[in-house]
Amino acid sequence: MDVADIPGVPDWLPDHLRADGIESLYPPQAEAVEAGVTEGENLVASVPTASGKTLVATLAMLASVERGTRSAPDDESGEAASGRRGKALYIVPLRALASEKREEFEQFEQYGLEVGVSTGNYESEGGWLATKDIVVATSEKVDSLVRNDAPWLDELTCVVSDEVHLVDDPNRGPTLEVTLAKLRQLNPDLQTVALSATIGNAEALADWLDAALVDSDWRPIELKKGVHYGQALHLEDGSQSELPVRNSEKPTAAIVRDTLEDEGSTLVFVNSRRNAEAAAGRLASTVEPHLTPEEREQLAEVADEIRDVSDTETSDDLADAVEGGAAFHHAGCANDHRSLVEDAFRDRLIKVVSATPTLAAGVNTPSRRVVVRDWRRYDGTAGGMQPLSVLEVHQMMGRAGRPGRDPYGEALLLANSHDELDELFERYVWAEPEDIESKLAAEPALRTHILATVASGFANSREGLLEFLEQTLHASQNADRVQLERVMDDMIEYLEVNEFLEREDDGGLTATSLGHTVSRLYLDPMSAAEIIDGLRAWKRGTGRAGTTTDASTAEGPDPDEEPPGFTAASDLADDADDEEAERPDPTAMGLYHLVARTPDMYELYLRSGDEEEYQMLAFEREEEFLGSMPSEFDPAFEDWLSALKTARLLEDWASEVDEDEITDRYDVGPGDVRGKVETAQWLLGAAESLAGELGLGLAPAVREARVRAEHGVREELTDLAGVRGVGRKRARRLYQAGIEDRAALRDADKSVVLGALRGRERTAETVLENAGHRDPSMDDVEPDAAARPDETGSPDAVTEPDDEEDQSSLGDF
DNA sequence: AAGTACTATATCTAGACAGCATGTC
DNA sequence: CTAGATATAGTACTT
């Protein structure tokens, strides 16, 4: 289909596409247009990666914005509804994809279309999004916007759900499913476009969304799947070619070498971080001899940038590999590491990347060849190594072949035996991807979404909930509602016991004010219950031996604590500090542990030997924990200890321990530290709101713990570190020079400031400016030698060469 | 005595969304 | 209940 023949799109579009070299649509795209995607029809497109899915979505969104609101004949609100422009929402599963899509859609700004992004850490401020034509957001953010009743949501005319096969994900799938159902209920005219990888049962998605289906295997670049075994490559078309493996060489290295001789790059998927790092190190020595002098030079620059990101072992190892033209990529890497690697790989500077699945689902990083080296992965819940799903392997393989640059892509599995060769062909090369299946009927999902659904007014009774749930994928896939209803009733009960929901006599359901807060804060109700329990227990002064209540199961408050009919808001006012024998404020450690043991915080793994260490720590600091410690023999004890490990990591960070020491002590990567801190910040913010609402007078203590985590500083630096341009390191230097807070900085002697900042004039100027100093200029100011930081007194501590990278802030993304 | 080449044994295991209000060098 | 790559300790042997 020629681009001029697409109905419903803006007039400028055909020329714009031609300018991009697009003369006609790919077959699946044409099919989508024929199905009416540019005329407001719902569509499910189940097609391979890189087959032009995004263009289908773009066409739908542009057409929808152009078409605007249909003036419905039975429009109750009267006039103005007609003639308004349409508004499109593009839902992505990852933040990184949100910014990638935004950049892609910004090409239409020249035609007067405005694009906005909304994710947890990057929000185009409040009402700002209302004026945008296209909004890109993560599914959780959209859910949150629905819960907080964002006014522009009912103006939507088109919603696109990218990677919609993720409704199959046990953790995050239900959110996407429920969010789509809510958007569609909110706006019955909403056009729904769902983009999926190729899956077994795409028609189930189409059924659910009342959508036409485009289900195709077509790719713009041929993908040859195959298996390497022995000295040969066996491809799916039956062909075999020689690919010799030298003695003492691993097959992966041989394949990389072979690709290199053809000037191609290779993406290697492995099953653990450690494997990724080890492979990158080894492959660097394979690649290194093939590099040109210019490449070596450029790679050295990238390596320097990588070292600047963070001063950790991971960072060094990565930089070393990059110098040899190889790299690893996994979630322990800082985000800056990841994007540096992705960019250099896309620029064909880095020749091999060994990656965990981060790269399979993330931003677009195509490669000439893909090697799926490990096809089994450890899964603790299944008790050992489990084969990857066909869907996942196909997603990885789909990264092979760069549009417009490679004649074809090749994706290879590795076999060690003839039997394995056959098995891999059977299991992956020739196999159809699995069916996807709603995971909504699981406790954690229903716990959260029942509360949110009631709190934001989508249902106000058990029957109403059932009616709402009818609109989900789960209902369309399961004729039998028995399991769903049973779990639903359990969860209503749970929410009622924890004072988030109230059941009326007539069977109606309402959210309490606490319930509303929990829903808006986007907390798992179980996390909220754990936090509330902990805060109340601290206030009561319980938690010591003897009063071993069942706090470990996060049940409701003790019935004898509050009079019946108690609501949280009612005791906002009382509760000043005038109680006798007032308990001191909880420590940061206590609060970090509280949030670390909620289900919203991902656990750190306890290594052998850790158990003993943290058990000792638990007893040493017993006084500090909120709520009672489970007994040593309680199965919950291990989780409690692992939360303690997380809590101590946070405490270290908030005590100005260096990042490299933290990564070393807990055996994690810089990306993990940043992730933990970020999650803790969010949960402590939520805990602060809850503490305020409970009126226990604990909010200031929570706030302080949060601010310390945010800046990574001790208590005395929280004010200084709040100044823009001042991170944990500079705040400490200024403090040591006698400048203790923002006010002191404002009136400080400039030579002292300059001295404390090790003579960096421009830095000192910016800092003073941000602090509101009358005259920040550093002209003619001599650094005060006495203010120069030299903690240890060792002479080389003063002449550290690492000028620029001493801030290691976590505010990045 | 220290290095090397090898083997037996122990260890460890992917990912990443969210509040709120703004900004690290 | 299931595995497998890698780190580490241990061993025999060389230089």
Side-chain angles (χ1 to χ4, degrees), chain A residues 92-96 98 119-123 125-126 137-145 147-148 166 169 171-172 175-176 250 269-279 281-282 308 330-332 335 355-362 373-374 376-380 382-388 392 416 448 517-518 520-524 527 600-602 605-609 667 671-672 674-676 678-679 681-690 706 710-712 721-730 757 760 762-763 766-767 770 803-813:
Chain A
V92 291
L94 297 170
R95 291 174 189 168
T119 65
N121 66 2
Y122 180 83
E123 162 103 33
E125 63 185 71
T138 53
S139 36
E140 284 75 11
K141 188 64 191 190
V142 178
D143 187 19
S144 167
L145 289 165
R147 294 183 190 196
N148 288 284
L166 292 173
D169 182 288
N171 297 313
R172 298 180 58 205
T175 300
L176 178 56
K250 305 234 174 182
F269 286 104
V270 298
N271 66 1
S272 77
R273 295 176 177 191
R274 198 165 60 170
N275 287 348
E277 295 189 14
R282 280 195 311 267
D308 280 349
H330 59 64
N335 282 322
T356 57
T358 31
L359 220 54
R373 195 194 74 178
D374 303 331
R376 280 187 277 235
R377 183 167 52 220
Y378 181 83
D379 176 359
M385 300 301 274
Q386 292 297 119
L388 303 187
E392 201 174 345
N416 287 319
T448 299
T517 303
V518 171
R520 276 188 285 106
L521 288 171
Y522 213 80
L523 280 179
D524 180 334
S527 296
D600 275 312
M601 179 82 86
Y602 196 71
Y605 187 86
L606 278 187
R607 309 188 128 63
S608 66
D667 196 16
D672 299 300
R674 286 153 157 83
K676 282 281 169 298
E678 198 186 328
T679 309
Q681 240 173 278
W682 163 55
L683 286 171
L684 288 163
E688 191 183 332
S689 301
L690 287 173
R706 177 177 66 77
E710 181 180 344
H711 298 298
V723 176
R724 194 192 306 182
V726 180
R728 59 199 312 234
K729 297 261 173 77
R730 287 179 187 168
L757 298 177
R760 312 260 181 273
R762 273 190 41 211
T763 309
T766 344
V767 165
N770 293 333
D803 309 337
E804 298 305 325
E805 50 90 38
D806 61 349
Q807 285 287 302
S808 83
S809 148
L810 301 188
D812 54 3
F813 49 83

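The structure presented is a predicted model; accordingly, all values stated were derived computationally and were not measured.
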Filtered N/O pairs between nucleotides 3-7 of chain C and protein, under 3.5 Å:
from, atom 1, to, atom 2, distance (Å)
C/dG4, OP1, A/Arg376, NH2, 2.9
C/dA5, O3', A/Asn275, OD1, 3.4
C/dT6, OP1, A/Arg282, NH1, 2.9
C/dT6, OP1, A/Arg282, NH2, 3.2
C/dT6, OP2, A/Lys250, NZ, 3.3

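Residue A/Thr358 places no side-chain N or O under 4.0 Å from the OP1 or OP2 atom of B/dA14. Between A/Arg728 and B/dT24 there is no side-chain polar atom (N or O) within less than 4.0 angstrom of OP1 or OP2. An OP1 or OP2 oxygen of B/dG19 is reached within less than 4.0 angstrom by a side-chain nitrogen or oxygen of A/Lys141. At least one side-chain nitrogen or oxygen of A/Tyr605 sits closer than 4.0 Å to the OP1 or OP2 atom of B/dT13.
Between the P atom of B/dA18 and the OH atom of A/Tyr602 lies a distance of 17 Å, rounded to the nearest Å. Atom CG of A/Leu683 is separated from atom C1' of B/dA16 by 13 Å (rounded to the nearest Å). Across the protein-nucleic acid pair, A/Asp524 atom CG and B/dA18 atom P stand 16 Å apart, rounded to whole Å. Counting to the nearest Å, the C1' atom of B/dC17 and the CE atom of A/Met601 are 14 Å from each other. Atom CG in A/Leu166 sits about 14 Å away from atom C1' in B/dA14, given to the nearest Å. Rounded to whole Å, atom P of B/dG15 lies 12 Å from atom CZ of A/Phe269. In this entry the distance linking CZ of A/Arg674 with P of B/dG15 reads 16 Å, nearest Å. When the C1' atom of B/dA18 is taken as reference, atom CZ of A/Arg706 falls 15 Å away, rounded to whole Å.
We find that A/Glu710 and A/Arg706 are joined by a salt bridge, their nearest charged nitrogen and carboxylate oxygen being less than 4.0 Å apart. No salt bridge links A/Lys676 with A/Asp672; every basic N to acidic carboxylate O contact stays at or beyond 4.0 Å.
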Where along nucleotides 4-9 of chain B does protein come under 4.0 Å, by heavy atom, of base (B) or sugar-phosphate alone (S), with - for untouched nucleotides?
-> ------
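Residues that satisfy the side-chain hydrogen bond (donor to acceptor under 3.5 Å, both in side chains) test with A/Thr679, not counting sequence neighbours, are absent from this structure. Listed by chain and number, the residues in a side chain to side chain contact (heavy atoms under 4.5 Å, CB included) with A/Asp374 are A/Val270, A/Asn271, A/Asn275 (sequence neighbours excluded). Partners of A/Arg274 under the salt bridge (Lys or Arg N to Asp or Glu O under 4.0 Å) rule, at least two apart in sequence or in another chain, do not exist in this structure.
Considering only the side chain of A/Ser144, B/dA18 comes nearest among B/dT13, B/dG15, B/dA18. Closest to the A/Glu392 side chain, of the nucleotides B/dA14, B/dA18, B/dG19, is B/dA14. Listed nucleotides B/dC17, B/dT24, B/dG15 differ in distance to A/Ala331; the shortest reach to its side chain belongs to B/dG15.
Rounded to a whole angstrom, the distance from the C1' atom of B/dA14 to that of C/dA5 is 16 Å. Rounded to whole Å, the separation between the P atoms of B/dA16 and C/dA3 comes to 28 Å.
Between A/Leu94 atom CG and A/Thr119 atom OG1 the span is 11.0 Å, to the nearest 0.5 Å. To the nearest 0.5 angstrom, A/Asp600 atom CG is 9.5 Å from A/Tyr522 atom OH. Between the CZ atom of A/Arg273 and the OG1 atom of A/Thr358 there is a distance of 9.0 Å, given to the nearest 0.5 Å.
For the pair A/Arg373 and A/Ala279, the tightest heavy-atom approach, listed with the atom from each and the gap, is NH1-CB, 4.0 Å. Minimum interatomic distance between A/Leu683 and A/Met601 (heavy atoms only, all atoms of both residues): CD1-CB, 4.2 Å. The heavy-atom pair separating A/Leu521 from A/Ala686 by the smallest distance is CD1-O, 3.7 Å.
Here A/Leu94 lies in heavy-atom contact (under 4.0 Å) with sugar-phosphate atoms only. At a threshold of 4.0 angstrom between heavy atoms, the contacts of A/Arg762 with the nucleic acid are absent. Residue-level contact check: A/Thr679 touches the bases, meaning some heavy atom is under 4.0 Å from a base atom. Using a 4.0 Å heavy-atom criterion, one finds that A/Gly675 contacts no nucleic acid atom at all.
Checking A/Glu688 against A/Arg377, the closest nucleotide of DNA chain B that is more toward the 5' end is the one next to A/Arg377. Comparing A/Arg607 and A/Ala721 along DNA chain B, the residue whose closest nucleotide (by nearest heavy atom) sits nearer the 5' end is A/Arg607.
Under a 3.5 Å cut-off, the side chain of A/Arg728 and the backbone N or O of A/Gly712 do form a donor-acceptor pair.
Of the listed residues (A/Val767, A/Thr763, A/Asn770), just one forms a side chain to side chain contact (heavy atoms under 4.5 Å, CB included) with A/Val726, and that residue is A/Val767.
A stem is defined here as three or more consecutive Watson-Crick or G-U pairs, each with both distances under 3.5 Å; for DNA chain B these stems are B:1-13 with C:3-15.
The stacking criteria are not both satisfied for A/Trp682 over the base of B/dG19, which would need a centre-to-centre distance under 5.5 angstrom and an angle between ring planes under 30 degrees.
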